[in-house]
Participant: 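I have a structure I would like to understand better, so I am pasting it below and will then ask my questions one at a time.
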2 protein chains.
Amino acid sequence: MHKPLFDHIQKFISLEPSDIDKLESCLEISKVKKKEHILEEGQICNTMYFVVKGCMRQFIINSKGAEQTLQFAIENWWITDYLSYHNHVPSSFYLQAVENSEVIAIDKTVLESLLIEIPNLERYFRIVTQKTFGAMQMRIKFLFTMSAEERYHHFNDNFPEFVQRVPQYMIASYLDFSAEFMSKIRAGKV
Amino acid sequence: MHKPLFDHIQKFISLEPSDIDKLESCLEISKVKKKEHILEEGQICNTMYFVVKGCMRQFIINSKGAEQTLQFAIENWWITDYLSYHNHVPSSFYLQAVENSEVIAIDKTVLESLLIEIPNLERYFRIVTQKTFGAMQMRIKFLFTMSAEERYHHFNDNFPEFVQRVPQYMIASYLDFSAEFMSKIRAGKV
DNA sequence: TCAAAAACTTGAACTACTTCAAGAAATTCA
DNA sequence: TGAATTTCTTGAAGTAGTTCAAGTTTTTGA
């Protein structure tokens with residue numbers, strides 16, 4: 001079902017029924033099994049993904065061979081590799097399902113011509129991207145100013161359900177500390 | 001002069017002469033003296049700034065009273081606090097001139113109505129924001145996977161002129177290590 | 001339902017960085 | 001020009017985190 005996407009869009013702009021039809025015909029919903037990749041390092045990313053259900057993450061494999069989560073996307077978030085998408089260069093990232101998920105995929109070529117046809121949709125993406133960018137600016141602030149323990153508590157206070165929902169080692173790497181250290185923070189052993 | 005902005009815009013989209021006039025009438029260029037603030041913590045940010053000449057930075061004052069640079073913007077970059085701008089909440093950041101600079105300021109109310117009038121301009125901002133977001137994703141990757149020394153060399157290799165141009169302690173905090181440690185890296189004493 | 005896999009915990013040893021304090025060098029501007 | 005300010009450097013001591021290795025608990029799926 002595409003409804004969650006249309007609901008999300010209509011929070012920011014309103015679409016003509018004809019535009020809704022046009023957009024609808026371009027969307028492809030797909031189920032992604034837990035741990036399945038929708039993008040791998042080295043591939044060119046030609047798709048934007050909207051999470052209808054479940055949870056996706058962007059991660060890399062670092063020089064020690066360990067996975068490092070850089071970004072999560074839950075229901076109603078967009079996720080893609082914007083650099084690869086816009087510059088048509090190989091991606092540095094993996095995009096993977098953390099849970100069994102459903103995503104709406106929009107192909108770049110299709111989307112770009114759709115955006116020219118529907119200026120209001122262009123507006124939607126501009127606003128959503130700028131808001132996400134704002135959230136990213138705050139994230140950098142937190143990473144720069146808080147200790148590991150403060151970052152954990154802050155995240156836990158703000159997204160308690162989410163912390164329950166995904167493996168702790170992913171949260172640890174998203175907050176930029178080791179899984180072992182997170183375990184100690186939780187046990188009050190720091 | 002507004003030319004640098006129009007040149008930048010026309011790299012991504014093309015504007016009708018009438019649109020150029022319309023936009024032109026909304027722009028306000030202003031000189032910002034080195035160290036002068038164009039936004040302070042606690043204020044609501046209602047403006048987007050385009051750097052025509054010079055260099056601006058976004059920084060915070062951390063719990064120890066030290067300045068921490070989170071972002072730079074040189075010629076042809078936009079800078080603002082997107083969270084404060086979109087959610088109309090007090091900013092967590094300062095925006096300050098690193099050098100004597102010239103910026104084009106566009107007021108939010110003016111810009112938002114302009115964007116509705118000129119869909120192509122909406123497109124420009126969508127593309128520019130997404131590209132900047134892509135750069136930010138890479139930045140997070142570098143912060144997460146490289147050591148302080150690697151981050152310094154990587155930055156220095158990619159932006160050698162820029163490293164000459166701004167005080168080293170600002171670069172150090174932008175790369176998330178202390179000015180003293182940067183000094184030691186440069187001296188080969190690590 | 002139960003064996004295998006994935007996720008979490010613990011302590012001990014280590015290290016990449018920070019902090020502090022003081023001096024030297026470079027830049028600014030009256 | 002030269003005094004004041006800003007920026008950079010250096011070494012010594014400290015610490016917030018990592019790494020490793022091994023064991024325990026929880027979850028998964030045939």
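Note that these values count all heavy atoms, side chains included, but never hydrogens, waters or copies made by symmetry. Just so it is clear, the model here is predicted, and its values are computed rather than measured. Each chain gets a letter, A, B and so on, in the order the sequences are listed, and its residues count up from 1.
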Participant: May I have the distance from Lys34(A) (atom NZ) to dA7(C) (atom P), rounded to whole angstrom?
Facilitator: 6 Å
Participant: Does a nitrogen or oxygen in the side chain of Gln168(A) sit under 4.0 Å from OP1 or OP2 of dT9(C)?
Facilitator: yes
Participant: Starting from C1' on dT10(D), measure out to CZ on Arg186(B) and report it in whole angstrom.
Facilitator: 14 Å
Participant: Taking only residues two or more places apart in sequence, or in another chain, which ones meet Arg151(B) in a salt bridge (charged side-chain N to carboxylate O under 4.0 Å, His left out)?
Facilitator: none
Participant: Charged N to carboxylate O under 4.0 angstrom, Glu41(A) versus Lys141(B)?
Facilitator: no
Participant: Rounded to the nearest Å, what distance is computed from the OH atom of residue Tyr169(B) to the C1' atom of nucleotide dT19(C)?
Facilitator: 19 Å
Participant: Let's go through Arg139(B) and Tyr174(B) carefully: what are the C-alpha distance in whole Å and the side-chain angles of both, what is the deciding distance for side chain to side chain contact (heavy atoms under 4.5 Å, CB included) to 0.1 Å, and is it a yes or a no?
Facilitator: CA-CA 11 Å; Arg139(B) 183 170 176 216; Tyr174(B) 176 79; 3.3 Å; yes
Participant: Under the 3.5 angstrom rule, does the side chain of Lys108(A) hit a backbone N or O of Tyr85(A) as a donor-acceptor pair?
Facilitator: yes
Participant: Using a cut-off of less than 4.0 Å, is there contact between a side-chain N or O of Lys189(B) and OP1 or OP2 of dT10(D)?
Facilitator: yes
Participant: Distance check needed: dC29(C) C1' versus Lys33(B) NZ, whole Å only.
Facilitator: 12 Å
Participant: Considering all heavy atoms of both residues, which atom of Ser91(B) and which atom of Asp81(B) are nearest to each other, and what is their separation?
Facilitator: OG-OD2, 2.7 Å
Participant: Could you give the CG-to-C1' distance, from Leu175(B) to dC17(C), as a whole number of Å?
Facilitator: 14 Å
Participant: Do Ile74(A) and Trp78(A) land in one hydrophobic cluster if side-chain heavy atoms of ILVMFWY residues count as linked below 4.5 Å?
Facilitator: no
Participant: Ignoring the backbone of Ala187(A), work out which of dT10(C), dC8(C), dT7(D) is nearest its side chain.
Facilitator: dT10(C)
Participant: Treating primed atoms plus P, OP1 and OP2 as sugar-phosphate and everything else as base, which nucleotides of nucleotides 15-24 of chain D get B, S or - for protein heavy atoms under 4.0 Å?
Facilitator: --BBBB----
Participant: Between C1' on dT6(D) and CE on Met170(B), what's the gap in Å once rounded to a whole number?
Facilitator: 11 Å
